[in-house]
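For reference, positions follow the sequence shown, starting with 1. The figures here come from the full heavy-atom set of this structure, side chains too, leaving out hydrogens, waters and symmetry mates.
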Amino acid sequence: MEKEITGVMVYYYQVCWRKLWYFYHEIQMEQNNDNVQIGKLLDENAYGRDDKHINIDNIINIDFIRTKKVLHEVKKSKKIEAASILQVKYYLYFLMKRGATGISAQIDYPLLKQSVEVSLSDQDVAEIEKILADISKIVKEENPPVLKKLRICKSCAYYDLCYI
């Protein structure tokens, strides 16, 4: 049975296709990773007055919506900002496809005391549709994509799986 493509999968597509493949096939290594644990603590303790974790159809999980038309995603750092922006654009795309228009988004970095506005353009829609097709192809492969050594590999939860 084919799974729906989630926001996390879109994020992983930008970060590492091999990680995406592992995640899709339910090989999960995040539970013991220090960086993931720090992110969870940040998520639990930042923006405590807001209703958090708005899960829509188990496909997207919005960190919180402060005003009616602005969704927020909380991130620990800007280290992989392009993936974060793509993930949030996917949220906007997902909502647009379900008839929710006029929504904007913001990525919040509470440790940096910074925010980045995110919007969805027609070009973004075309790019996301191509990415969704790419993800479908990647996860249907029998084996994970070939290992590509990246700078972020050393801090990845899947490091041991790829390198040891």
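Across every non-hydrogen atom of Pro145 and Ile138, the tightest pair is CG-CG2, 4.0 Å. Minimum heavy-atom separation, Val70 to Ile65: O-CG2, 3.4 Å. Minimum interatomic distance between Tyr90 and Thr6 (heavy atoms only, all atoms of both residues): CE2-C, 3.8 Å. A pairwise comparison of heavy atoms in Arg18 and Leu147 identifies NH1-N, 3.4 Å as the closest pair. Cys162 and Tyr22 get closest at one heavy-atom pair: SG-CE1, 3.8 Å. Across all their heavy atoms, Asn55 and Ile59 have their closest contact at OD1-N, 4.3 Å.
One distance of note links CG of Leu120 with CD of Glu127; it measures 10.0 Å at 0.5 Å rounding. Here the CD-CD distance, from Gln87 to Glu81, works out to 12.5 Å after rounding to the nearest 0.5 Å. For the atom pair Ile152 CD1 and Lys79 NZ, the distance stands at 8.0 Å (nearest 0.5 Å). Taking CG from Asp63 and OH from Tyr47, the interatomic distance works out to 9.5 Å, rounded to the nearest 0.5 Å. The distance from atom CD1 of Ile38 to atom NZ of Lys76, rounded to the nearest 0.5 Å, is 5.0 Å. Asp50 CG to Thr67 OG1: the interatomic distance, rounded to the nearest 0.5 Å, is 10.0 Å.
Val8 and Ile56 fall within a single hydrophobic cluster, where Ile, Leu, Val, Met, Phe, Trp and Tyr are joined by side-chain heavy atoms under 4.5 Å apart, directly or via other members. Put simply, Ile27 and Phe23 are part of the same group of oily side chains (I, L, V, M, F, W, Y) that touch within less than 4.5 Å, one to the next. Cluster annotation: Tyr159 and Trp21 are assigned to distinct hydrophobic clusters (Ile/Leu/Val/Met/Phe/Trp/Tyr, side-chain heavy-atom contacts under 4.5 Å, transitive). Cluster membership check: Val15 shares its hydrophobic cluster with Ile131, using side-chain heavy-atom separations under 4.5 Å among Ile, Leu, Val, Met, Phe, Trp and Tyr. Hydrophobic clustering of Ile, Leu, Val, Met, Phe, Trp and Tyr side chains at less than 4.5 Å, counting indirect connections, unites Ile60 with Val10.
In this structure, the side chain of His72 does not engage the main chain of Ile107 through any donor-acceptor pair within 3.5 Å. Lys52 places a side-chain N or O within donor-acceptor distance of the main-chain N or O of Ala46, the cut-off being under 3.5 Å.
No more than 12 heavy atoms of other residues, nucleotides or ligands sit less than 6.0 Å from atom CG of Asp34. For Asp122, the CG atom counts as loosely surrounded, since its 6.0 Å shell holds 12 or fewer non-hydrogen atoms of other residues, nucleotides or ligands. Heavy atoms of other residues, nucleotides or ligands lying less than 6.0 angstrom from CD of Gln114 number more than 12.
Between Lys75 and Glu73 there is a salt bridge, since at least one side-chain N of the basic residue sits less than 4.0 Å from a carboxylate O of the acidic one. For Lys3 and Glu26, the salt-bridge test passes: some basic side-chain N is under 4.0 Å from an acidic carboxylate O.
Note that Lys148 lies in the cation-pi zone of Trp17, set by a 6.0 Å cut-off to the ring centre and a 45° limit from the axis.
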Validation: residues 93-103 side-chain donor-acceptor distances under 3.5 Å, sequence neighbours left out:
from, atom 1, to, atom 2, distance (Å)
Tyr93, OH, Glu129, OE2, 3.1
Lys97, NZ, Glu129, OE2, 3.4
Arg98, NH1, Phe94, O, 3.3

Quiz item: Does the side-chain contact (heavy atoms from CB on, under 4.5 Å) test come out yes or no for Ser77 and Tyr109, once each step is laid out?
Solution: CA-CA 6 Å; Ser77 75; Tyr109 301 95; 5.6 Å; no

Self-check item: Intermediate values then yes/no, side-chain contact (heavy atoms from CB on, under 4.5 Å), Val74 and Phe64
Solution: CA-CA 9 Å; Val74 178; Phe64 65 93; 3.7 Å; yes

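When side chains are defined from C-beta on, Glu2 counts as touching Ser136, because their heavy atoms get closer than 4.5 Å. Taking the side chain as every heavy atom from C-beta outward, Lys78 and Val116 approach each other to under 4.5 Å.
A side-chain N or O of Gln106 and one of Asp108 form a donor-acceptor pair less than 3.5 Å apart. With no hydrogens or angles considered, a side-chain donor-acceptor pair links Asp43 and His53 at under 3.5 Å.
Of the candidates Lys140, Lys19, Met9, Met9 is the only one forming a side-chain contact (heavy atoms from CB on, under 4.5 Å) with Tyr24.
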